[in-house]
Amino acid sequence: MVRVLTFFAVVFVIAMGFAWLADRPGVVAIDWQGYHIEMGLMTLMIALGVLMLVIGFIWSLVKAILHTPGSLSRFFKRRRRERGFSALSHGLIALGAGDARAAGKYGNEAQKLLKSEPAAKLLLAQSAQMAGRREEARAHFEAMLEDEETRLLGLHGLFVEAERQKEPLAARHYAEEAHKLSPGLSWAGKAVLAYQAAAHDWEQAVVTLERNAHAKLIDKPTLRRQKAVLLTARAMEIEDHEPDRARQLAMEAHGLAPDLVPAAVISGRLLTRRGDVRKASKVLETTWKKFPHPDIAEAYAHVRPGDSARDRLKRVKALNDMRGHNVEGALAIARAAIQARDWASARDQLRPLLKSQPTQRVFLLMADLEEGEHGDRGRVREWLSRAVRAPRDPAWIADGMMADAWAPVSPVTGKLDAFEWKAPVERIGAPETTDTEDLLELPAEWPAPEDLPASGTPVETLKPEPVAPKPVMSSPKAETKPAVKPEGKVVEPEPSKAEPDKPTIAAVMKDVLETKPEPVAPKAPDVVGTHLEKKPEPAPAAAPKTPAAEPKTPADRVKARVAQRLASGQTVPAAATDVSKDEGVAEVLAGDTGADKPAAPAASSASSPAAIRPETLTSAPAGAGDAGRGAEADALEPVGDIAMPRPPDDPGVEADADDIPRRSRKFF
């Protein structure tokens, strides 16, 4: 708007000038070199204007001709620069998109078109970093150090490369160089502080921290907290050989951060050593009100050396009253009460915690309580076993690492003031619920320590289930005595093989005795062995003539034999009902009560129950006499090629028409 007004004003002034000249006409005469020229004033003014325009045009044309090379040069330079910036823009876009190959291509083009452009060098270096070409990236950053404008950029790139390659000394060097060039550089100030703290250079770290605060890199609360941490770390380092200096540093740290537990503990400990109990108590009480911690309670309990356990208990109770209803206070009172042997107070403090927050320390204190009050080893093991499965208590944790004591820096990342007092992360899953009501009160009578189990299981839960003994019935083949052949050779009998799927003797005999037998005609069994002749025996008169079906299983064979004996009028001996004894099946069925039979080997009674096998059971012919048994009943007699024991009802050696001794053996 101002320009428009100015233009109209200039045009108005020129028009007024021409109007003024037109109102005052006149003649202008020029006499020069014999020439006499006369013209009007207005004509002269117009002629002068045209002449000036012609001169200006000619001058512009000459000037353009003279400046043509420069103009052409500037044109090509401008065009080249535009192409370079276009390549640089596309390269940055590719770099942001993660295309390292395209970023490198555009970076080379931008570097070619823009030789002195720092952004082109940065694009090449970062594209090399993204592609994993560490040496190439390092070379680009080192080249930036030669230029004053790009020196800080090169130092930052070299710092990043040193950290990636795990070279802390080189990284610290580059950070310190950048911090000297620019104290307000954020990454350099924080990196220098972190490396100084990791190297335990606490005094230099304090100086760097103050410089960062002066450069407005951190706020005042952060300055106070981190400075208190650094002073506390220095006090911990010189506590043993410079206690006065350590006490001053700890007190300064306590003033900067009253809730810093290590600073209060060190201050209280050094003040107690100096004899200033009142000031030490005040420092510990101030921190306890802001942050209840077990270390504060422990230091407060021993603030006056030489006190009895009762005095320490009173002092801890007074400390807990300053900030009541907290877990750490209850645990501190319980611990002091156990030391003072005040079992009732300790139990009163632990009972609510067992219901609300049963952690490992609670169960461990209950174990100490049971051991000190009753000396009950079983109950102590019970509390210890619960402590293993209980949730963990709060601890000092930094970057997922749990430490027994506080430290000024993280052992993982080197971060300053990284440790926090919190509960560790538990495993995913529902917590195990434990009922503690039954363990809070002791029974009237408790077993002696030597009667308690070796594991942590309570005595009342150790109720072994009664296991019924399974009898093992031995057979003649399972005898351990060797058989003697007539020729004098010794033959070891084969032990019977157990068949786990067959019914046991106890079950078979019980079923036989409970079932009423039916009269079945006896069937003569086959004779085992080709060298023995089969000698059939006549059936008893009382036996029915209807033939019985062939028994298929060993249990059926046993039932058939017992039924046969009952049908023939014979009595079943009492040994047949007592199947828990280690008696042979053939001997029980034959009527042997075991009175004149030697004791069975110990190995047969300890073995597992064996199933009945047909070839292991023997019987005598029906109707044979049971009387007249002598001591030779258990002796071994050779018959044919096999030495076999004499059955109980065997009448002895018979002679046939050819006076050849023979013996018939029947198996089922």
Side-chain angles (χ1 to χ4, degrees), residues 1-97 99 102-127 140 143-154 181-182 184:
M1 188 65 183
V2 176
R3 291 184 178 181
V4 174
L5 294 177
T6 303
F7 174 77
F8 282 111
V10 171
V11 172
F12 178 76
V13 171
I14 294 174
M16 290 296 294
F18 277 101
W20 184 79
L21 291 175
D23 293 339
R24 293 168 178 80
V27 178
V28 178
I30 299 174
D31 191 3
W32 182 70
Q33 296 290 330
Y35 293 96
H36 182 76
I37 301 172
E38 290 182 0
M39 64 183 65
L41 181 60
M42 184 59 67
T43 304
L44 179 62
M45 296 298 296
I46 294 173
L48 290 176
V50 173
L51 180 62
M52 291 179 63
L53 291 177
V54 172
I55 293 173
F57 174 75
I58 295 174
W59 174 251
S60 297
L61 182 60
V62 174
K63 185 178 179 181
I65 295 174
L66 293 177
H67 290 81
T68 297
S71 299
L72 293 176
S73 177
R74 285 192 299 272
F75 170 76
F76 287 113
K77 285 183 179 180
R78 184 170 60 254
R79 183 180 178 185
R80 186 185 186 93
R81 189 175 182 86
E82 290 177 356
R83 290 175 55 195
F85 278 110
S86 177
L88 182 61
S89 176
H90 287 85
L92 292 176
I93 293 173
L95 187 67
D99 190 354
K105 177 182 177 181
Y106 286 117
N108 291 326
E109 184 179 355
Q111 177 70 14
K112 181 179 179 181
L113 297 174
L114 306 172
K115 296 184 179 298
S116 60
E117 183 63 34
K121 299 178 181 179
L122 177 61
L123 178 59
L124 286 174
Q126 289 187 346
S127 62
H140 285 298
M144 296 179 187
L145 298 179
E146 300 176 359
D147 190 359
E148 187 72 22
E149 186 179 3
T150 60
R151 182 170 298 174
L152 290 176
L153 180 60
L181 292 176
S182 178

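Note: hydrogens, waters and symmetry copies are ignored here, and every other heavy atom, side chains too, is used.
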Peer 1: Specify the closest pair of heavy atoms between G84 and L113, including all atoms of both residues, with the distance to one decimal.
Peer 2: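 Heavy atoms of G84 and L113 come nearest at N-CD1, 3.4 Å.
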Peer 1: Once rounded to the nearest 0.5 Å, what's the spacing between atom CG of L153 and atom NZ of K121?
Peer 2: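 If I round to the nearest 0.5 Å, the distance is 10.0 Å.
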Peer 1: Less than 4.5 Å apart, side chain to side chain, heavy atoms only: is that true for F85 and R81?
Peer 2: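 Side chain of F85 against side chain of R81, heavy atoms only: contact under 4.5 Å found.
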Peer 1: Could you measure the distance from the OG atom of S86 to the CD atom of E109? Nearest 0.5 Å is fine.
Peer 2: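 If we round to the nearest 0.5 Å, S86:OG and E109:CD are 7.5 Å apart.
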Peer 1: To the nearest 0.5 Å, tell me how far L88 CG sits from L122 CG.
Peer 2: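 Rounded to the nearest 0.5 Å, the CG-CG separation comes to 9.0 Å.
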Peer 1: What closest approach, in Å, do L152 and S182 show between heavy atoms, and which atom pair accounts for it?
Peer 2: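 That would be CD1-CB, 4.1 Å.
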Peer 1: How long is the gap from OH on Y106 to CD1 on I93, to the nearest 0.5 Å?
Peer 2: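 CD1 of I93 is found 9.0 Å from OH of Y106.
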Peer 1: How about CE on M39, more than 12 heavy atoms from neighbouring residues, nucleotides or ligands closer than 6.0 Å, or not?
Peer 2: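 Count over threshold, so yes.
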Peer 1: What pair of heavy atoms forms the shortest contact from A94 to A103, and how long is it?
Peer 2: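 Nearest heavy atoms, A94 then A103: CB-N, 3.8 Å.
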Peer 1: State the NZ-NE2 distance between K105 and H90, to the nearest 0.5 angstrom.
Peer 2: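 Those atoms lie 11.0 Å apart.
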Peer 1: Could you report the tightest heavy-atom contact between K112 and R80, atom names first, then the distance?
Peer 2: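 Nearest pair, atom of K112 first, then R80: O-NH2, 3.2 Å.
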Peer 1: For F8, which of T6, V10, V4 qualifies under side chain to side chain contact (heavy atoms under 4.5 Å, CB included)?
Peer 2: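 Only one option passes, and that is V4.
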Peer 1: So which atom in L124 and which in S127 form the shortest heavy-atom distance, rounded to 0.1 Å?
Peer 2: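 That would be O-OG, 2.8 Å.
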Peer 1: Measure across P118 and T150 and return the closest heavy-atom pair with its distance rounded to 0.1 Å.
Peer 2: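 Distance-wise, the nearest heavy atoms are CB-CG2, 3.5 Å.
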Peer 1: Side chain of S73, backbone of P69: donor and acceptor closer than 3.5 Å?
Peer 2: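 No, because the side chain of S73 does not come within donor-acceptor range (under 3.5 Å) of the backbone of P69.
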Peer 1: Is E148 paired with R151 through a side-chain N to carboxylate O contact shorter than 4.0 Å?
Peer 2: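 Counted as a salt bridge, because a side-chain N and a carboxylate O are separated by less than 4.0 Å.
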Peer 1: Nearest 0.5 angstrom please: E149 CD to M144 CE, how far?
Peer 2: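 Output value for this atom pair is 11.0 Å.
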